Asks: 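One structure, pasted below without further comment.
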Amino acid sequence: MAGSVPSDDKAIAIDLERQSTSPREHVAMSSRPPTMANPTPLGLLAFATSIFMISLINLEPRGLKTPNIIVGVLVFYGGTAQVIVGILEFVIGNTFGATLFSTYAAFNLSYAMIFIPGSGIMAAYKDPETGALMPEFNQAIAMFAWSWFIVSVVFTVATMRRSLVIVLALVFVDLTLIFLAVGHMVDSEGCLTASAVTGFITAALVFWQGAAELWSYTTPFHIPVGSLKKD
């Protein structure tokens with residue numbers, strides 16, 4: 001019949017079509033896992049930035065007495081970013097990183113909530129007549145700091161096989177929370193200033209660890225962190 005395709009040519013065409021649409025090929029391509037980036041540097045830098053900002057505001061630099069500027073940093077970088085890092089650390093099987101970043105994300109978010117007007121936390125401690133914060137507010141902050149000090153000590157012990165920089169950072173987190181709690185309990189400006197100083201040291205150490213983690217991927221620089229891992 002005119003215009004018909006020879007049987008041999010038709011068989012070849014069908015075979016080629018089957019090869020190009022083979023389900024086996026598509027499954028093989030879709031099952032190839034993408035390379036996952038290391039989330040730890042993001043978590044460390046977010047952690048360091050948050051504690052740096054908290055310590056800076058506690059010193060009331062250049063007469064700055066309203067701390068609300070830290071809310072955005074704590075909610076988005078110190079909070080949301082660290083939550084994401086914590087989830088990714090769970091995915092890659094890093095129990096320490098998953099627990100650490102998720103916990104301190106919660107700390108930053110809960111600390112930020114204190115200064116968000118809609119939360120009603122600060123309003124609950126204001127004098128109804130004068131609108132000034134009552135002494136009870138300082139005691140509440142002290143209880144808040146003592147609770148997180150206990151959590152921080154648990155993490156400090158858990159860092160003993162990580163790196164010397166991280167061990168020192170968590171020790172200074174402990175000191176920061178102690179000074180913060182005592183400063184609010186006894187209304188001591190000296191202790192509150194000391195908490196800011198130890199907070200700056202903590203931030204510097206965590207910035208160091210974060211830079212070491214990130215730069216090991218992106219630069220030829222290798223910053224020593226004093227690894228305590230056993231071979």
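None of the values given here were measured: they were computed from a predicted structure.
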Asks: Flag yes if more than 12 heavy atoms outside Phe76 fall under 6.0 Å of its CZ atom; otherwise flag no.
Replies: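 No, not enclosed.
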
Asks: With a 4.5 Å cut-off on side-chain heavy atoms, are Ile114 and Ser119 touching?
Replies: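 Side chain of Ser119 against side chain of Ile114, heavy atoms only: no contact under 4.5 Å found.
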
Asks: Rounded to the nearest 0.5 Å, how far apart are CD1 of Ile54 and CG of Leu180?
Replies: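 Rounded to the nearest 0.5 Å, the CD1-CG separation comes to 9.0 Å.
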
Asks: Between Phe179 and Phe172, is a ring-ring contact (aromatic ring centres under 6.0 Å, His included) present by the stated rule, with each step listed?
Replies: CA-CA 10 Å; Phe179 285 131; Phe172 277 101; 9.8 Å; no

Asks: Are Phe96 and Leu88 connected into the same hydrophobic cluster when the rule is that any two of I, L, V, M, F, W, Y join if their side-chain heavy atoms are below 4.5 Å apart?
Replies: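 No, because Leu88 and Phe96 fall into different hydrophobic clusters, even though each may have its own neighbours under 4.5 Å.
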
Asks: What distance do His222 atom NE2 and Trp215 atom CH2 have between them, rounded to the nearest 0.5 Å?
Replies: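 Between His222 NE2 and Trp215 CH2, I get 12.5 Å after rounding to 0.5 Å.
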
Asks: side-chain contact (heavy atoms from CB on, under 4.5 Å) with Ile92: which residues, sequence neighbours excluded?
Replies: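 Result, side-chain contact (heavy atoms from CB on, under 4.5 Å) vs Ile92: Met36, Pro39, Glu89, Asn94.
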
Asks: Rounded at 0.5 Å granularity, tell me how far CG in Leu109 sits from CD in Gln82.
Replies: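 If I round to the nearest 0.5 Å, the distance is 9.0 Å.
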
Asks: Does Glu213 reach the main-chain N or O of Gln209 with its side chain, forming a donor-acceptor pair under 3.5 Å?
Replies: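 Looks like no, no N/O pair under 3.5 Å.
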
Asks: Are Leu228 and Arg162 side-chain neighbours, meaning at least one heavy-atom pair lies under 4.5 Å?
Replies: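 When only atoms from C-beta onward are counted, Arg162 and Leu228 do not touch, as no gap falls below 4.5 Å.
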
Asks: Step through the shown structure and confirm whether more than 12 heavy atoms of other residues, nucleotides or ligands are within 6.0 Å of CG on Leu64.
Replies: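 Counting neighbours around CG of Leu64, more than 12 heavy atoms of other residues, nucleotides or ligands fall under 6.0 Å, so yes.
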
Asks: Taking the side chain as every heavy atom from C-beta outward, state whether Phe101 and Ile84 have any atom pair closer than 4.5 Å.
Replies: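 Side chain of Phe101 against side chain of Ile84, heavy atoms only: no contact under 4.5 Å found.
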
Asks: With rounding to the nearest 0.5 Å, note down the distance linking CG in Leu205 to CG in Leu44.
Replies: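 Going from the CG atom of Leu205 to the CG atom of Leu44 covers 11.5 Å.
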
Asks: For a quick test of reading the model, state the closest non-hydrogen atom pair linking Gly199 to Ile51 and the distance between them.
Replies: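 Looking at all heavy atoms of both residues, the shortest contact is O-CG2, 4.0 Å.
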
Asks: Compute whether any side-chain donor of one residue and acceptor of the other, for Asn38 and Thr40, lie under 3.5 angstrom apart.
Replies: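 A donor-acceptor contact under 3.5 Å links the two side chains.
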
Asks: Might you confirm whether atom CZ of Phe52 has over 12 heavy atoms from other residues, nucleotides or ligands at distances under 6.0 Å?
Replies: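 Atom CZ in Phe52 is not crowded, with 12 or fewer foreign heavy atoms closer than 6.0 Å.
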
Asks: Roughly how far, to the nearest 0.5 Å, is CG of Leu74 from CZ of Phe115?
Replies: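 Going from the CZ atom of Phe115 to the CG atom of Leu74 covers 8.5 Å.
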
Asks: Verify the ring-centre separation between Tyr104 and Tyr111: is it less than 6.0 angstrom?
Replies: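 Ring centroids of Tyr111 and Tyr104 are no less than 6.0 Å from each other.
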
Asks: Applying a strict under-4.5 Å side-chain criterion to I, L, V, M, F, W and Y, I'd like to know whether Val85 and Phe90 cluster together.
Replies: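 Looking at the clustering, Phe90 is in a separate group from Val85.
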
Asks: Looking only at non-hydrogen atoms, find the nearest pair between Leu45 and Ala211 and report the distance.
Replies: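 Answer, listing the atom of Leu45 first, then Ala211: CD2-N, 4.4 Å.
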
Asks: Mind listing the closest non-hydrogen atom pair of Gly79 and Ala105 along with its distance?
Replies: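 Gly79 and Ala105 have their closest heavy atoms at O-CB, 3.4 Å.
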
Asks: Measure across Ala142 and Ala181 and return the closest heavy-atom pair with its distance rounded to 0.1 Å.
Replies: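 Here Ala142 and Ala181 meet closest at CB-O, 3.4 Å.
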
Asks: Might you point out which heavy atoms bring Gly210 and Pro41 nearest each other, and give the distance in Å?
Replies: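 Result for this residue pair: O-CB, 4.2 Å.
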
Asks: Search all heavy atoms of Gly78 against all heavy atoms of Asn108 and return the closest pair with its distance.
Replies: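 Residues Gly78 and Asn108, closest heavy atoms: O-ND2, 3.0 Å.
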
Asks: How many angstroms lie between CD1 in Ile116 and CD1 in Ile121, if you round to the nearest 0.5 Å?
Replies: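 If we round to the nearest 0.5 Å, Ile116:CD1 and Ile121:CD1 are 8.0 Å apart.
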
Asks: How about Trp208: does its CH2 atom have over 12 heavy atoms from other parts shown lying under 6.0 Å from it?
Replies: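 Atom CH2 in Trp208 is not packed in, count stays at 12 or less.
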
Asks: Are Trp148 and Leu100 connected into the same hydrophobic cluster when the rule is that any two of I, L, V, M, F, W, Y join if their side-chain heavy atoms are below 4.5 Å apart?
Replies: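 Both belong to a single hydrophobic cluster.
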
Asks: Are the side chain of Gln139 and the backbone of Met185 linked by a donor-acceptor contact shorter than 3.5 Å?
Replies: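 Side chain of Gln139 to backbone of Met185, a donor-acceptor pair under 3.5 Å: yes, one is there.
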
Asks: Looking at Ile141, Leu177, Ile178, which hits side-chain contact (heavy atoms from CB on, under 4.5 Å) with Trp146?
Replies: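 In the set Ile141, Leu177, Ile178, the residue that makes a side-chain contact (heavy atoms from CB on, under 4.5 Å) with Trp146 is Ile178.
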
Asks: Would you say Thr159's side chain and Ile166's backbone share a donor-acceptor pair under 3.5 angstrom?
Replies: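 Here the side-chain-to-backbone pair does not exist.
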
Asks: Is there a donor-acceptor contact under 3.5 Å from the side chain of Thr103 to the main chain of Thr99?
Replies: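 Looks like yes, one N/O pair under 3.5 Å.
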
Asks: When you measure from the side chain of Ser195 to the backbone of Leu192, do you find a donor-acceptor pair of N or O atoms at a distance under 3.5 Å?
Replies: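 Checked: pair present.
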
Asks: Would you list the pairs meeting salt bridge (Lys or Arg N to Asp or Glu O under 4.0 Å) in which at least one residue belongs to residues 46-60, sequence neighbours left out?
Replies: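 As it turns out, the salt bridge (Lys or Arg N to Asp or Glu O under 4.0 Å) pairs with a partner in residues 46-60, which skip direct neighbours, are Glu60-Lys65.
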
Asks: Are the side chain of Thr80 and the backbone N or O of Val75 linked by a donor-acceptor pair below 3.5 Å?
Replies: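 Flag set: sc Thr80 to bb Val75 pair under 3.5 Å.
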
